[in-house]
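What you see is a predicted model; the values in this text were computed from it and never measured.
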Amino acid sequence: MNKRAALFFATASAASALALAGCGGGSGSGYGAGGTTSSAPSMSTSPSSSASSASSSAALTLQTSTIGGQTIVVDGKGMTVYFYTLDKPGEAKSACTGGCAALWPAVTSDTAPMLQGVTGKTGTLTTADGKQQVTINGMPIYYFSKDTAPGQAHGQGVAGVWYVVGSDGSMIQTPLTAMSSTPSMSGSSDNSGTSGY
């Protein structure tokens with residue numbers, strides 16, 4: 001009986017070890033680490049029809065819109081996204097935490113965003129609460145809580161550290177002219193292989 005019990009435990013231990021090895025931190029998630037990008041996993045070509053809140057979307061779209069005389073990046077609902085100058089390209093963490101993160105929510109996505117007119121390279125970094133924050137050219141992007149409707153860019157130039165994002169992933173630091181409440185959205189769907197997820 002002791003031999004049988006020992007054999008059972010050895011077999012169970014080996015099976016457990018194999019199962020754990022399969023779950024271990026491999027690179028199969030397809031998400032970039034530390035603001036970098038990894039090879040693209042296989043993805044469905046049709047976006048999900050369900051939508052969630054502005055700051056967390058399983059089928060995020062990033063597109064361009066002309067706001068204040070500049071062509072900038074917005075999400076699929078037309079909400080402006082921003083860079084924070086205290087972030088550094090390729091860093092593993094956002095510099096915006098605590099109260100900052102409440103005022104400037106991270107743009108997150110469970111999957112690679114659909115790109116329309118955006119040519120900057122996208123990737124992700126992991127937020128403090130474990131979500132995947134989208135990056136463009138290695139820089140995390142954010143919403144501004146005081147932008148309450150499409151076409152608003154009230155965060156432009158706030159405290160001299162928050163700026164809108166150009167379609168190529170550049171930081172636009174010039175003042176925006178009078179903003180329209182009905183932005184002109186990009187209609188092209190140029191994914192141009194820059195997803196990076």
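For D87 (side chain) and M139 (main-chain N/O), no donor-acceptor pair under 3.5 Å exists by modelled atom type. Remark: the backbone N or O of K121 is paired with a side-chain donor or acceptor of N137 at under 3.5 angstrom. Between the Y82 side chain and the V165 main chain, no donor and acceptor come within less than 3.5 Å of each other. Looking at T71, its side chain never comes within 3.5 Å of a backbone N or O of S65 through a donor-acceptor pair. Put simply, the side chain of E91 never gets that close to the backbone of P140: no donor and acceptor are under 3.5 Å apart.
Checked against ring-ring contact (aromatic ring centres under 6.0 Å, His included), F83 has no partners two or more places apart in sequence or in another chain.
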- [ ] Would you please test T80 and Q152 for side chain to side chain donor-acceptor pair (under 3.5 Å) and show each step?
- [x] CA-CA 7 Å; T80 302; Q152 294 179 346; over 6 Å; no
TODO: Show your working on ring-ring contact (aromatic ring centres under 6.0 Å, His included) between Y143 and W104 and close with a plain yes or no.
DONE: CA-CA 5 Å; Y143 294 110; W104 299 88; over 10 Å; no
Task: Test log, rule side-chain contact (heavy atoms from CB on, under 4.5 Å), inputs T148 and H154 - done: CA-CA 9 Å; T148 58; H154 299 303; over 6 Å; no
Open item on the list: Quick one, V107 with D75, criterion side-chain contact (heavy atoms from CB on, under 4.5 Å). Give me CA distance, side-chain angles, the key distance, then yes/no.
Closed with: CA-CA 9 Å; V107 177; D75 72 5; 5.9 Å; no
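For the pair V74 and Q63, the minimum side-chain heavy-atom distance is below 4.5 Å. The closest side-chain heavy-atom distance from Y142 to V81 is not below 4.5 Å. Counting only heavy atoms from C-beta outward, the side chains of V73 and V164 never approach each other to under 4.5 Å. Residues T127 and K93 have side chains not in contact (no heavy-atom distance under 4.5 Å, counting atoms from C-beta outward).
The line from CD1 of I141 to OG1 of T135 is 8.0 Å long, rounded to the nearest 0.5 Å. In this structure, OG1 in T108 is found 8.0 Å from CG in L60, a value given to the nearest 0.5 Å. Taking OG1 of T126 as the reference point, atom CD of Q132 lies at 4.0 Å (rounded to 0.5 Å). Between the CE atom in M114 and the OG1 atom in T111 there is a gap of 9.0 Å [rounded to 0.5 Å].
Across every non-hydrogen atom of L62 and I136, the tightest pair is CD1-CD1, 4.3 Å. The shortest heavy-atom contact between P105 and S145 is CD-N, 4.2 Å. Between L125 and S94 the shortest heavy-atom distance is CD1-N, 4.1 Å. When all heavy atoms of Y163 and Q156 are compared, the closest pair comes out as CA-OE1, 3.3 Å. Of all non-hydrogen atoms in S167 and T64, the two that sit nearest each other are CB-CG2, 3.4 Å. The nearest pair of heavy atoms linking G155 to D147 is N-OD1, 4.0 Å.
Ring geometry for Y84 against W162 counts as parallel: the plane angle stays under 30°, on a 0 to 90° scale with 60° as the upper cut.
Q133 and T124 share no donor-acceptor pair across their side chains, judged by distance under 3.5 Å alone.
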